[in-house]
Amino acid sequence: MGNGMKESRTAYDRPQAYELGEWEFYGLTLKVTPDVLIPRPDTERLVDLALAFLKNRPGEQYILDLCCGSGCVGLAVAAHCPAARVTYGDISEAALAVARSNGCEDIRVIDALKPPSPGLGPFDALLCNPPYVTDGDTENLDASVRDYEPPVALFGGRDGLDFYRALLPDWLSVLRPGGLFAVEIGFDQAAAVERMTRDAGLDGVAVRRDYGGRDRIVSGYIK
Ligand SMILES: C[S@@+](CC[C@H](N)C(=O)[O-])C[C@H]1O[C@@H](n2cnc3c(N)ncnc32)[C@H](O)[C@@H]1O
């Protein structure tokens with residue numbers, strides 16, 4: 001991030017969540033620092049989808065919250081599904097420290113842009129809210145995001161799709177047959193990510209909208 005942007009910072013733009021040091025997500029109050037993305041209401045749709053999937057499945061359910069940041073997605077799933085056993089992965093050790101302070105236990109440094117380590121999984125669901133802003137596209141970001149939230153949580157390559165390309169199909173190998181794959185997307189990325197998900201051979205591929213009616217989640221199931 002260039003100096004110009006830093007000079008343009010104003011106290012007005014500093015997110016309230018970082019001032020407070022905590023933020024609410026899915027009814028949970030989570031610790032947040034400038035090392036993690038502030039959990040967004042739109043991401044709650046990923047939790048809704050996971051809980052609907054887990055509802056009728058007997059026994060312990062193994063979940064991978066990849067690109068976990070504060071741990072908000074996995075923690076919300078675990079709070080509403082006692083049978084969920086969540087593994088939290090992120091490339092940022094600073095973010096994982098925040099996740100740990102929020103009560104996440106099985107925490108791993110994982111690079112989602114590389115294929116999964118042998119022995120990781122199997123999981124019943126892979127949930128991921130990856131960075132998906134186009135590199136350098138700072139003009140369309142609110143100043144509070146651009147100047148304060150961690151760049152590692154935001155940018156997903158030249159077209160914003162690097163993480164989906166890395167996950168599909170390589171990361172499907174960590175899922176059990178019938179397992180759920182679900183990712184958050186940028187509102188204008190549904191067509192591309194839906195196509196990648198179908199091309200990877202998943203069943204029941206669907207796009208779901210956020211509270212504002214914009215495309216926000218792409219999901220499918222392992223055959
Ligand atoms: C959009 S944030 C999502 C955080 C959290 N899951 C949420 O929904 O608020 C993306 C997260 O991906 C992490 N990340 C960035 N590059 C990564 C990589 N190559 N492998 C794994 N995690 C990565 C960032 O550190 C950040 O925590």
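Counting convention: from 1, in listed order, for ligands and their atoms alike.
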Quick look: P150 vs ligand 1, heavy-atom contacts under 4.0 Å, and the answer is neither

Ligand 1 to S92, heavy atom cutoff 4.0 Å, flagged ligand atoms 25 (O)

- Query: Between Y132 and D162, do the side chains contain an N or O donor and an N or O acceptor separated by less than 3.5 Å?
  - Reply: no

Under 4.0 Å from one or more heavy atoms of T43, ligand 1 contributes atoms 8 (O)

Per salt bridge (charged side-chain N to carboxylate O under 4.0 Å, His left out), R40 is matched among E149, E184, E24 by E149

Within the 4.0 Å heavy-atom cut-off, what Y132 brings close to ligand 1 is neither

Atoms of ligand 1 under 4.0 Å from any heavy atom of F163, numbered from 1 in the order shown, are 16 (N), 17 (C), 18 (C), 19 (N)

For D111, the ligand 1 atoms with a heavy-atom partner under 4.0 Å come out as 18 (C), 19 (N), 20 (N)

Inset, instruction - Ignoring hydrogens and angles, state whether a donor on the side chain of D106 or T87 is under 3.5 Å from an acceptor on the partner side chain. - result: yes

Next on the checklist: Any donor-acceptor pair under 3.5 Å linking the side-chain atoms of Y62 with those of E60?
Outcome noted: yes

The answer for which part of I110 has a heavy atom under 4.0 Å from ligand 1 is backbone

Here the atoms of ligand 1 under 4.0 Å from any heavy atom belonging to A112 are 18 (C), 19 (N), 20 (N), 21 (C)

Ligand 1 atoms nearer than 4.0 angstrom to some heavy atom of G69 are 4 (C), 27 (O)

Ligand 1 atoms nearer than 4.0 angstrom to some heavy atom of P130 are 1 (C)

Rounding to 0.5 Å, atoms CG (L120) and CG (L66) come to a distance of 8.5 Å

Numbered in order shown, the ligand 1 atoms found under 4.0 Å of a heavy atom of I91 are 14 (N), 15 (C), 16 (N), 17 (C), 18 (C), 19 (N), 20 (N), 21 (C), 22 (N), 23 (C)

So, are D215 and R209 salt-bridged, with charged N and O less than 4.0 Å apart? yes

Does the side chain of R158 pick up a donor-acceptor pair with the side chain of T134 at under 3.5 Å? no

The answer for which part of C72 has a heavy atom under 4.0 Å from ligand 1 is side chain

